[in-house]
There are 4 protein chains.
Amino acid sequence: MNEQQWIKELLKVNGEDVKLSEKQIKILEAAIEIFAEKGYASTSTSEIAKRAGVAEGTIFRHYKTKKDLLLAIVNPTLIKSVAPFLAKEFVKEVFENEYQHFEDFIRVLLKNRYDFVKKYLPAIRVFWQEIAFLPEIKEQLQFIFTKHVYEKFKKIIEHFQKKGEIVMIPPESAIRMIITTIIGFFITRFIVLPHHNWDDETEKAEIERTIQFLMHGLLKK
Amino acid sequence: MNEQQWIKELLKVNGEDVKLSEKQIKILEAAIEIFAEKGYASTSTSEIAKRAGVAEGTIFRHYKTKKDLLLAIVNPTLIKSVAPFLAKEFVKEVFENEYQHFEDFIRVLLKNRYDFVKKYLPAIRVFWQEIAFLPEIKEQLQFIFTKHVYEKFKKIIEHFQKKGEIVMIPPESAIRMIITTIIGFFITRFIVLPHHNWDDETEKAEIERTIQFLMHGLLKK
Amino acid sequence: MNEQQWIKELLKVNGEDVKLSEKQIKILEAAIEIFAEKGYASTSTSEIAKRAGVAEGTIFRHYKTKKDLLLAIVNPTLIKSVAPFLAKEFVKEVFENEYQHFEDFIRVLLKNRYDFVKKYLPAIRVFWQEIAFLPEIKEQLQFIFTKHVYEKFKKIIEHFQKKGEIVMIPPESAIRMIITTIIGFFITRFIVLPHHNWDDETEKAEIERTIQFLMHGLLKK
Amino acid sequence: MNEQQWIKELLKVNGEDVKLSEKQIKILEAAIEIFAEKGYASTSTSEIAKRAGVAEGTIFRHYKTKKDLLLAIVNPTLIKSVAPFLAKEFVKEVFENEYQHFEDFIRVLLKNRYDFVKKYLPAIRVFWQEIAFLPEIKEQLQFIFTKHVYEKFKKIIEHFQKKGEIVMIPPESAIRMIITTIIGFFITRFIVLPHHNWDDETEKAEIERTIQFLMHGLLKK
DNA sequence: CATGAATGAGGTTTCATTCAT
DNA sequence: TATGAATGAAACCTCATTCAT
């Protein structure tokens, strides 16, 4: 039951708990696991039912279709993926006190998203594997990105460009490099080489290197 | 017929033409298209046959199973993806004359892989979408990467570290950052924002910025 | 509640009220409605429960199976359909005083069955739609028809044939023509053209024409 | 094979043969049989496949859905049901030479529709059982009836009313009585009492009585 | 070589019915 | 008594693969 805690938290909307029966959690858990392993289209509902320990009909009592089950995983993951940028006070916090230097901001952002990825990894795998085939979700992601993430990110970039901390390139280029570098690290860390010897030391060092790479790459010369 | 030229080239082994009947090319073309759109598992052989303008049976005359058809796309793409590193003379060329500075190397590498991605984009999409569910191919990729790409890349990195051009971090970290940055650019360019206004000017500028980002990120300070 | 009165009356046995809980009536009401619309086999118990505003389990508390629910509608409808002929005094009434002429009998019969059809239309629809697939009920109907309706009807026909009012054809033929003509009118009136402009005037006229048609059709020439 | 001839004829469009594979005919044959017995909704495709001696998948190769299979039966039956009235020369034939008296017309009509019902009885059963649940077909029937049958029938009625052969009632009433009487006979003959002793003699006599009933019922007094 | 009808295993989904609350 | 979550059998339908032509 304890291991399923993360699923409940993933599904939380606006910090409010969503009611999930025991069986519903087992279904989600099984679905995320198998979707991540073999992909949505190659996973049969009977397999999900078996792994979840419920009757196949029970899945359809909770999720009208197999696709609805996928969306029940993918939608919250989308929201939580860009969560920091959805907070109203986010930009203000960056400017007002908390982040004297651009590096502070990057460091906190990376740490925060790192924790997120580590916690929800299986759901995130499903999300990125399936998004290519979910045009509605892709559009929603684009919308949220453009409206919330990009706008706020841009302000922050411009702020530190004016402060003379980072190089004068188009903000969208800087944003791309930051995101690319961070996600690149996560993919290496969790997908490509998850079994590599990632002890605390090694990991901290690699994170530090990644931050230094980013900082120097963007530094005002 | 001319448009199908790239498929013939993708399938070339060691520079030798592979014999492909008219129908076979049409099948590959259709399969790549639809696999890229909807994913391998969600594509039916009847749909491929229809788009290719052949009978369903004809597909199975050329490829014993549906999976064989996928592998006929994925395997050559794997080889071509890491092709530069497979050439015997590659490292020698880097050291001996051609690349005086690390930047030259990066610049040529990026240009070369850019041309590759642009030419074979649909097949590459299929490759990256499906590799997660193809353990044999994944292993093969890891094997080739470790044996050919990583080894040679490492030598090059160490060479320029010794020359004092790039920072003294573990070569695998440097390699990761380079690959991550390059692939990140390609994904943005061809997958995330393919419809963005990528005229020659814009593109050159963004490529230049990416190279500068990489160079400064890795420069010896 | 008032609208459900007709259901209570339909279910009355020998003039005695049957005990029906509030929920039971709602279930019957919903079932009749939906069975009439889409047919028994295409109606799900969950849909009935929803329309009745009760839980699915509640249906099965009152009716052991879905078929029992159908029979609870169909059986009383069967009895009420042939009710006049089941009354013991029926033939006597026809002979002794009330109906001097055959036309009087027909007129009263038609009026009486017209009121019946108008009152119980939805249940009657269900009855006629499903009887083809309910062999037990079909047999029961045949039994009742042969034993009660046909026997009594025959006596009446022969009575008026002897009186010289109607043509000397086999009574079963006459009975068929009468029933066919009456039911034909009802089907036109209530099923085929229910939305036709059936004001009192039009309706009375059409009924009169139907009676005249029947009378002249059967008249002794 | 010979017994299936009638199915091919039922499906003929404008007198042209429709191509039907051996298996397709077996499927239609089985479907009509079982639909007639238990109704469309209570019939499973697996049962049809079994009775037809084909794999279940074969049904869906020929008919995209179970409903399409139903429509492949119901649509031709609709057309053939009103076929005589769809012939262009029909009204002309009635007026010009062939039918001196209204009785001749009725006699030919009844004979013609009798042959039709006898030949296609199972398909007709399916048609009338299911039409209540097929709004599109119901509308089409109404359209064809209004546009072709009713219009032509009306002209004929008015013609014989002017000739003084039949009573001056609204044509639609006369049409209703004729159709009702004829269909009523068919239902008795083929559905209600199909096992009654219908030897040639009996049948001819009953047909004659039905015609006399109709004629006297509508005769100008 | 190419075809496409046929197959049947297996996929998703529905639904009457049960039963713990 | 009423509920509604859970069941699992069976429904409709898809699809990779085979094979006679």
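Letters go in sequence order (proteins before strands), and every chain restarts at 1.
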Would you please confirm or rule out a distance under 4.0 Å between OP1 or OP2 of E:dA5 and any side-chain N or O of D:Arg61?
yes

Measure from CD on D:Gln24 to P on E:dG4 and round the result to the nearest Å.
16 Å

Whole-Å distance separating the CD1 atom of C:Ile59 from the C1' atom of F:dA5:
16 Å

Mind checking who E:dT21 pairs with, Watson-Crick or G-U wobble, both distances under 3.5 Å?
F:dA2

On a heavy-atom basis, the closest approach of B:Val18 and B:Leu11 is CG2-O, 3.1 Å

May I ask which nucleotide in the shown strands pairs with E:dT14, Watson-Crick or G-U wobble, both distances under 3.5 Å?
F:dA9

Which atom pair, heavy atoms only, marks the closest approach of A:Thr77 to A:Ile73?
OG1-O, 2.6 Å

Specify the separation, in whole Å, of atom CD1 of A:Ile34 and atom P of E:dG11.
12 Å

Please determine if a side-chain N or O atom of A:His62 lies less than 4.0 Å away from the OP1 or OP2 oxygen of F:dA6.
yes

Search all heavy atoms of D:Ala72 against all heavy atoms of D:Tyr63 and return the closest pair with its distance.
CB-CE2, 3.5 Å

Grab the two heavy atoms, one from C:Gly39 and one from C:Thr43, that are nearest each other, plus how far apart they are.
O-OG1, 2.7 Å

Side-chain N or O of C:Lys23 less than 4.0 angstrom from OP1 or OP2 on F:dT3?
yes

Measure CD1/C:Ile27 against P/F:dG4 and give the value in whole Å, please.
13 Å

Sticking with atom C1', work out how far F:dT21 lies from E:dC1, rounded to a whole angstrom.
13 Å

Atom-to-atom span, CD1 of B:Ile25 to P of E:dA2 - whole angstrom
13 Å

Please figure out whether A:Ser21 or D:Glu56 has its closest DNA chain F nucleotide nearer the 5' end.
A:Ser21

Selection: residues 38-55 of chain D, any non-hydrogen atom under 4.0 Å of DNA chain F:
D:Thr43, D:Ser44, D:Thr45

Separation of atom CZ in B:Phe60 from atom P in F:dA16, rounded to whole Å:
6 Å

D:Asp68 CG to F:dT14 P, in whole Å, measures 11 Å

For B:Glu56 and B:Ser46, test the side chains for any donor-to-acceptor distance below 3.5 angstrom and give the result as yes or no.
no

note: A:Lys66, atom NZ; F:dC13, atom P; distance rounded to Å ~ 18 Å

Quick one: sort the A:Trp6 and A:Tyr120 rings into parallel, tilted or perpendicular, breaks at 30° and 60°.
tilted

Closest-nucleotide mapping onto DNA chain E: is B:Thr58 or C:Lys67 further toward the 5' terminus? I mean the 5' end.
B:Thr58

Looking at A:Lys12, I'd like to know if its NZ atom is crowded, meaning that more than 12 non-hydrogen atoms belonging to other residues, nucleotides or ligands lie closer than 6.0 Å.
yes

